[in-house]
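Let me begin by presenting the structure, written as structure tokens, before commenting on it.
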Amino acid sequence: MKQAIIGEFEEIVLLVVAAQDDQAYGLSVANIIEQRIKRSVTLSSVHTALYRLEEKGFVKSHMGEASKKRGGRKKRHFTITSAGKKALVTAREARNELWSMIPQTVIDLK
Amino acid sequence: MIEEDNISPPKLAVSLFTLYCRNELRDSILGDLEEKFYQDLESYSRARSKLRYWANVIRFINRHTLRGTFTSNAQSNQRGMIRNYILVAVRQIRRNRLQSGINIFGLAIGFTCCLMIILYIQDELSFDDYHEKADRIYRISTHSKIGDNERHWSLVPSSVAPALLSHLPAIEMQARIATLSKANQVVKYGDQLYDESIGKGAYGRVFFADSTFLDVFSFELSGAHGTDALNKPNTVVITRSVANKIFKDRDPIGERLEFSNLGDYEVTAVIEKVPSNSHLQFDYLLSTDFTGSNSPGRFFWVRSYIVMSPGTDVKEVESQLDTIGRAAQPSLTENGIHMDYFLQSVKDIHLTSGLEYEVYPTSDIRYVYIFLAISSFILIIATINFINLSTAQIGKRSKEVGIRKVMGAANRQMLLQFFVQSVLVSVIALAIALILIVLTIDFFNQFTDKQLTLVTLLSPTAVVTIVGVVVLIGMVAGFYPAIIMNRFSPILAIKENLSPGSSSQLLKKLLVIFQFCISVILIVSTYTIVQQLYFLRSKGLGFDPKQIVTLPIDGNLSYDRLNTLKNEMQQISGVNQVTLSTGAPGLNMNVMVMLPEGFDQSNTQRVDGVYADFDFLKAYSIDLLAGRDYDTSLASDSLNFIINKSAVEKFGWTVDEAVGKEIHYLGNGPITGKSGYVIGVMDDFHYQTLHNVIGPLMLGIHSSNFNVIPFSHMSIKVNSTDVHEIVKGIESIWQTLNAETPFSYAFLNETFYAKYDREERLSQIISAFAVLAVAIACLGLLGLASFIVQQKTKEIGIRKVLGATVANIWSKLSGSLIVLIIIGNIIAWPVAYYFLDQWLEGFAYRIDIRVWIFLLAGLSSVFVALITIGFKTIKASMANPIDSIRYE
């Protein structure tokens with residue numbers, strides 16, 4: 001199998017997981033995406049992305065604490081793995097590389 | 001959100017989720033969903049948040065969350081193939097949006113109708129089966145013969161049931177009930193008056209019952225006495241709804257109610273609810289002693305129920321009924337009334353009884369059959385669409401089939417693939433149908449006057465049947481295309497676009513013919529039924545019911561009181577005539593047994609009768625054909641009769657010679673055995689609904705000397721100009737002179753119309769179904785037309801280049817389908833004619849089936865088809881021929 005490729009949405013989810021450092025779970029990731037980058041997402045698509053990332057080995061999950069707000073059900077916390085970190089870095093480098101190729105006459109980044 | 005604490009996510013959605021989600025993910029996702037739900041509540045309404053919760057639960061269905069059974073890791077090849085079939089099927093459905101849409105929509109409507117009808121029929125069949133002893137309760141009914149007049153009654157003399165109980169050890173107990181539906185029954189509590197004489201559908205709600213009534217029938221009782229509640233005299237059992245109405249929050253047990261003319265009754269128990277699927281509908285049960293009532297009087301005729309011991313041979317009991325029954329009431333035989341008795345299981349009364357004098361209107365098993373037939377027709381039409389459209393797709397899929405065969409697909413596997421696709425379509429249709437039912441069930445309930453719920457569909461038999469039908473339809477629709485595909489030679493299939501052979505063309509034609517045949521039958525039937533009902537409403541009754549207001553009155557009021565009331569009413573401007581009578585057209589008539597001149601004791605005559613004051617004929621504007629009206633100055637008139645034309649004919653007289661004939665009166669009461677003379681012959685008028693032929697009717701004078709039957713109604717003939725004012729006037733006089741009884745009135749035309757209510761509803765339901773059936777058939781045609789157009793795109797282009805007009809092409813493409821529709825019509829006509837003629841036979845007054853209805857139905861079916869096909873063909877033929885020729 002080739003090295004797992006990471007999709008655009010998965011990248012965002014992975015970034016949020018990394019940003020929330022051990023406190024990330026399905027709903028929190030969805031909320032951050034909606035609030036911070038104003039992109040509307042469904043809960044199920046976030047969950048699906050998380051499971052896919054887990055399959056690819058970019059995140060790990062463990063069961064966390066329960067709360068009354070959740071009807072006494074436990075959270076599934078996601079943390080980024082080293083492979084995940086590497087994937088993020090690779091993705092960012094690839095992007096930077098491509099960004100640097102754009103001549104200033106096309107997009108003026110200032 | 002104030003009550004936020006009480007709100008929780010929709011339970012059904014939660015259980016749906018737990019059903020499909022694998023265990024290890026379940027809690028974490030449910031938690032997230034719940035948190036999200038409370039989050040939503042802050043910005044959305046409650047309903048909106050629940051809806052969002054639902055949407056989320058449905059969105060979560062994917063390969064990560066589904067349980068192992070759906071996506072097993074144990075890689076069986078078979079499973080993989082089925083997954084592939086489903087994938088291909090979903091793609092096919094998506095690609096042919098129109099055809100799949102037609103299939104799914106049509107089937108969904110078909111399933112909806114069928115499921116509704118199943119609910120309806122289940123309810124109809126469940127009548128009275130909630131009684132603990134339901135299997136052993138029988139009603140005694142009579143087959144009476146008076147002269148040549150034979151009737152079936154739900155009534156028997158009150159002495160019959162006790163006689164059976166004492167003679168036949170197989171009978172455990174008996175209970176009798178009686179109603180006084182025509183009497184003005186007023187209930188008094190404190191100074192509050194409640195008019196309880198007439199319940200739903202003009203049937204009495206006050207029952208007089210034996211103390212054993214509550215042992216025979218099972219109702220949910222509250223009160224200390226249990227089933228002994230009616231053991232003491234002057235006790236009454238009421239329903240919860242009446243208790244709430246009269247006593248509000250107070251405890252009704254032990255309170256006393258005063259019933260007009262009957263006295264005080266103590267409330268001893270409350271029945272929570274009389275189930276709607278009971279043939280007995282009542283609000284009050286009054287404890288009654290029927291003994292001694294076998295002499296003619298108030299409770300001579302009663303409904304009698306017996307309970308058999310378990311394991312009794314009903315036939316055996318029935319064979320002894322006649323002897324014991326006749327011996328119990330010898331006076332009937334003496335009067336020339338021949339009685340045969342028979343038994344009806346209490347569970348059969350609602351659907352298969354239909355006797356005269358039922359306590360509450362019963363239904364008819366034929367309606368169940370009609371509904372069943374129509375809903376299956378709709379399902380058949382939808383299935384035919386399904387088969388036709390799947391077959392039409394064969395040509396498009398020949399390449400796929402060819403490749404699959406080359407790769408080694410066996411015939412069995414091809415069959416499975418097609419099954420999977422069509423079963424998938426019908427499952428989707430079922431899901432939509434269930435949603436449709438949830439949305440429309442309230443409406444349907446209103447329509448049928450029932451309280452149906454979806455719970456009935458959850459019974460194991462129902463679930464198995466539904467799943468069975470859904471799978472069966474899918475298989476039927478998938479089977480035929482699969483067979484044809486299997487015949488394809490793989491090489492040919494890949495090389496060129498094969499089209500289904502001529503045999504499938506024939507099948508398609510037959511199915512289209514069949515579809516339109518059914519549609520036309522439904523159109524013609526609907527039209528005729530509606531016409532017949534219109535006819536019943538508009539046919540003259542022989543008097544103008546719009547101008548007559550009837551008031552139920554208390555027959556025990558003194559003559560003076562009644563006369564004062566009548567005279568005062570007469571003074572109101574706009575009132576033409578007021579009359580008091582013991583019955584009224586459309587409401588009730590009395591039964592008389594007489595011996596006209598020239599007849600002997602063995603040939604007594606049963607006639608309907610009404611006793612009135614001197615103004616009856618004037619108030620109802622009924623013409624005299626011979627003789628004279630009653631004369632107030634002639635004392636002898638009090639024993640004389642006026643009879644109608646039908647009676648004259650029945651007795652074999654002519655109108656002129658009838659006047660002066662002697663008639664011997666055999667009925668019950670003080671004038672039994674006396675004789676009077678016919679003084680006049682009145683014209684026939686409809687004193688019953690038009691279901692019945694006008695029977696022999698006799699009008700007698702009600703006199704204070706021998707008050708046989710109390711007055712029941714006051715009829716007021718009004719000028720129809722300002723009815724509103726007149727009714728107000730009537731009411732104010734009523735309030736001043738007769739305040740003890742609540743005021744209630746009805747225009748006689750409304751009374752008559754109410755009796756056609758059942759048929760009215762029926763015709764509406766049938767019309768709705770017919771429209772659906774025709775719409776689905778047309779949708780099928782639309783699908784077929786679009787296939788034909790697709791197949792012939794090139795041909796259309798070439799024809800256009802060569803100079804064909806849009807009209808040319810339209811007629812070319814529709815021609816073959818129109819021929820099929822015409823054939824369908826020709827088959828439908830005689831079939832429809834036969835069935836409608838049978839149905840109309842049931843009415844005494846019926847319309848003739850007119851030929852032009854058939855032509856109209858035929859023309860409209862052709863017309864609708866032309867438009868449907870034109871919809872597709874015109875678009876195709878208007879297209880630029882260059883594009884059409886390049887197609888493919």
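Chain letters run A, B, ... following the sequence lines, proteins first and then strands; every chain starts at 1.
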What option among B:Thr65, B:Leu30, B:Ile61, B:Leu33 has the most heavy-atom pairs under 4.5 Å with chain A?
B:Leu30
Choice from B:Asp32, B:Val57, B:Ile29 maximising heavy atom contacts with chain A below 4.5 Å
B:Asp32
Among A:Arg70, A:Glu55, A:Arg73, single out the residue with the greatest number of heavy-atom pairs under 4.5 Å to chain B.
A:Arg70
Do B:Ile93 and B:Asn103 come close enough that some side-chain heavy atom pair is under 4.5 Å?
no
Looking at side-chain heavy atoms only, is the closest gap between A:Lys85 and A:Thr81 below 4.5 Å?
no
In terms of heavy-atom proximity below 4.5 Å to chain A, should B:Leu25 be classed as side chain, backbone, both, or neither?
both
Any donor-acceptor pair under 3.5 Å from B:Ser426 side chain to B:Val470 backbone
yes
Hey, can you tell me if B:Phe60 and B:Phe17 have their rings parallel, tilted or perpendicular (30° and 60° cut-offs)?
perpendicular
